[in-house]
Amino acid sequence: MYNPVHSYRGLVGTIVTAAVFAAACAQPTPAPRTLPSPATGFAASQPRFDFKTLEVPGAKRTIAWGIDAAGEIVGVYDDSTGTHGFLLQNDRFTTLNFPGAGWTAAFGIGVHGEIVGAYKMPGEPAVNYHGFLRSRDGRFERVESPPYKNTIAQRILPDGTILGCRHGDDFGASMRGAVLGAQNHSETQAFGSMHNGATPDLRRIVGLYNYAPGDRSAGYVIDNGKFKPLVVPGSSATSAWDVNPAGDVVGTYRDSLGVHGFVLVTGGFIPLNVPTATTTRALGINSNGTVVGSFDAGGRTHGFVATPTRAAAVNR
């Protein structure tokens, strides 16, 4: 049964308390892999991926946004009734709609099966977005970042910490990437920014921000509190959309040929392009290096899963 709350902090605090016993016996988390300087460019060795298309039955558009270690995937799809979130589990799609909402999108899935995303209520202005947290048993709770009226929840970490952004009645001027945790609440000062993922210990956070008027966006990596822009060499725009526990980053970039996905590992940037696609967007990555996202082909947007070949996984 849906039980609305005015702040997610109490719920997250419960999750954190429950995780203390496991954390007390856990081994220290290894540091994320060292990323190369963007000047390093593209990796000398280009791993191969096996691609699989994802389509929600009856959907006009499907986008895969997040994937967990077990291969469960969340995302968003459009059909004749509107925009909905989805969970793909054991080859079965489940529709996710925040109660009463006219628009729902699922962006991240946690190790305990929690799902985070955003929703809009019917009749709200286009800029309005509210965060949500869905427990594994299907209960929805609101995610808010007072005093700001809009929050987007992008990812959730093992201890219940949520990452995303908050903003007022605009996106650029007031939008800031935020860590929303019961014990840790912080924001970046980068203009028009959004936190899109982090390693479980928050030692690496990735996201995107606008650094010039128009569509001049860049990704960023925050390592141990130090902010560093992330731009694919030769691109006119870059966005970092997720990072796995090892520190590998995925995202998108635009160049003279179009929009492509990328994976950033120790060796450098690896372009990710779905065969026959006109546009590819890499949006999520799990601990196994499997990437999810979307691509455009045949006048439609489709979801995809890209699994690294065995040789690629060994050489990461």
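Because the structure is predicted, anything quoted here is derived from the model rather than measured. Here, residue 1 is the first one in the sequence, and each next residue gets the next number.
Atoms NE2 and CE, from His167 and Met194 in turn, are 7.5 Å apart once rounded to the nearest 0.5 Å. Note that CD of Glu114 and CG of Asp68 are 10.0 Å apart. Values are rounded to the nearest 0.5 Å. Note: Thr151 OG1 to Asn128 CG = 11.0 Å, rounded to the nearest 0.5 Å. In this structure, CD1 on Ile63 lies 7.5 Å from CG on Leu283, to the nearest 0.5 angstrom. Between the CZ atom of Phe295 and the OG1 atom of Thr276 there is a distance of 6.0 Å, given to the nearest 0.5 Å. In this structure, Ile222 CD1 and Ser193 OG are separated by 8.0 Å, a value rounded to the nearest 0.5 Å.
Between the Ser235 side chain and the Asp255 main chain, no donor and acceptor come within less than 3.5 Å of each other. A donor-acceptor pair under 3.5 Å is formed between the side chain of Asn150 and the backbone N or O of Gly168. Asn244 contributes a side-chain N or O that, together with a main-chain N or O of Asn286, makes up a donor-acceptor pair within less than 3.5 Å. Judged by distance alone, with hydrogens and angles left aside, the side-chain atoms of Asn273 form no donor-acceptor pair with the main-chain N or O of Thr280 at under 3.5 Å. No donor-acceptor distance shorter than 3.5 angstrom exists from the side chain of Asp242 to the backbone of Val250, with no hydrogens or angles considered. Side-chain N or O atoms of Arg142 include none that pairs as donor or acceptor with a backbone N or O of Gly131 at under 3.5 Å. No side-chain donor-acceptor contact under 3.5 Å links Lys149 to the backbone of Asp169. Side chain of Tyr148 to main chain of Met175: no donor-acceptor pair is present (N/O by atom type, distance under 3.5 Å, no hydrogens or angles).
Scanning all heavy atoms of the two residues, the minimum distance from Pro122 to Gly100 falls at CD-O, 3.3 Å. Contact between Ser217 and Asn210 at its shortest, heavy atoms only, is CB-OD1, 3.6 Å. The shortest heavy-atom contact between Trp65 and Ala106 is CB-O, 3.7 Å. Between Ala173 and Phe191, the closest heavy-atom pair is CA-CE1, 3.6 Å. What you find for Thr238 and Leu230 is that their closest heavy atoms are CG2-O, 3.5 Å. What you find for Asn288 and Ala69 is that their closest heavy atoms are ND2-O, 3.1 Å.
No continuous path of ILVMFWY side-chain contacts below 4.5 Å connects Val292 to Val243, so the two sit in separate hydrophobic clusters.
Ring pair Phe98/Phe140: centre-to-centre distance below 6.0 Å. Aromatic pair Phe49/Phe304: ring centres not closer than 6.0 Å. Two rings, from Phe51 and His302, have their centers 6.0 Å or more apart.
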**Request:** Evaluate the side chain to side chain contact (heavy atoms under 4.5 Å, CB included) criterion for residues Thr161 and Leu180: first the C-alpha distance (whole Å), next the side-chain angles of each, then the deciding distance (0.1 Å), finally the verdict.
**Result:** CA-CA 6 Å; Thr161 297; Leu180 308 172; over 6 Å; no
Step by step, work out the salt bridge (charged side-chain N to carboxylate O under 4.0 Å, His left out) result for Glu144 and Arg166. CA-CA 8 Å; Glu144 298 181 341; Arg166 53 74 172 168; over 6 Å; no
Please step through side chain to side chain contact (heavy atoms under 4.5 Å, CB included) for the pair Thr188 and Tyr220, ending with a clear verdict. CA-CA 11 Å; Thr188 179; Tyr220 59 76; 4.1 Å; yes
Take Ile205 and Val179 through the side chain to side chain contact (heavy atoms under 4.5 Å, CB included) test and state the conclusion after the steps.
CA-CA 9 Å; Ile205 300 173; Val179 175; 4.0 Å; yes
* Asked: Can you list the steps and then say if Thr199 with Arg204 is a side chain to side chain donor-acceptor pair (under 3.5 Å)?
  -> CA-CA 6 Å; Thr199 54; Arg204 173 167 294 162; over 6 Å; no
Let's go through Leu54 and Val305 carefully: what are the C-alpha distance in whole Å and the side-chain angles of both, what is the deciding distance for side chain to side chain contact (heavy atoms under 4.5 Å, CB included) to 0.1 Å, and is it a yes or a no? CA-CA 7 Å; Leu54 291 184; Val305 180; 3.7 Å; yes
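Arg254 and Ser236 share a side-chain donor-acceptor pair at under 3.5 Å. Using a 3.5 Å distance cut-off with no hydrogens or angles, the side chains of Glu124 and His130 do pair a donor with an acceptor. A donor atom on one side chain and an acceptor atom on the other are found under 3.5 Å apart for Thr301 and Asp296. For Arg281 and Ser294, the side-chain atoms include at least one donor-acceptor pair closer than 3.5 Å. Counted by atom type alone, Ser135 and Asp137 present one or more donor-acceptor pairs between their side chains at under 3.5 Å.
The aromatic rings of Phe93 and Phe86 lie perpendicular to each other, with more than 60° between the two planes, well past the 30° mark. Between Phe132 and Tyr119, the two ring planes are tilted [angle within 30° to 60°].
Side-chain contact between Ile67 and Ile285 is absent, with no heavy atoms from C-beta onward closer than 4.5 Å. Thr266 places none of its side-chain heavy atoms less than 4.5 Å from the side chain of Leu35.
Electrostatic pairing of Lys228 and Asp223 counts as a salt bridge here, judged by a charged N lying under 4.0 Å from a carboxylate O. Salt-bridge formation is not detected for the pair Arg134/Glu141: no Lys NZ or Arg NE/NH1/NH2 atom is positioned less than 4.0 Å from an Asp or Glu carboxylate oxygen.
Screening Leu272, Ile270, Val232 for a side chain to side chain contact (heavy atoms under 4.5 Å, CB included) with Phe262, the sole residue that qualifies is Val232.
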Cut-off 3.5 Å, no hydrogens considered: what does the side-chain donor-acceptor table look like for residues 71-83, sequence neighbours left out?
from: Glu72; atom 1: OE2; to: Gln89; atom 2: NE2; distance (Å): 2.8
from: Tyr77; atom 1: OH; to: Thr95; atom 2: OG1; distance (Å): 2.7
from: Asp78; atom 1: OD1; to: Arg61; atom 2: NH2; distance (Å): 3.4
from: Asp78; atom 1: OD1; to: Thr83; atom 2: OG1; distance (Å): 2.7
from: Asp78; atom 1: OD2; to: Arg61; atom 2: NE; distance (Å): 2.9
from: Asp78; atom 1: OD2; to: Arg61; atom 2: NH2; distance (Å): 3.2
from: Asp79; atom 1: OD1; to: Thr81; atom 2: N; distance (Å): 2.8
from: Asp79; atom 1: OD1; to: Thr81; atom 2: OG1; distance (Å): 2.7
from: Asp79; atom 1: OD1; to: Gly82; atom 2: N; distance (Å): 3.2
from: Asp79; atom 1: OD1; to: His84; atom 2: NE2; distance (Å): 3.0
from: Thr81; atom 1: OG1; to: His84; atom 2: NE2; distance (Å): 2.9

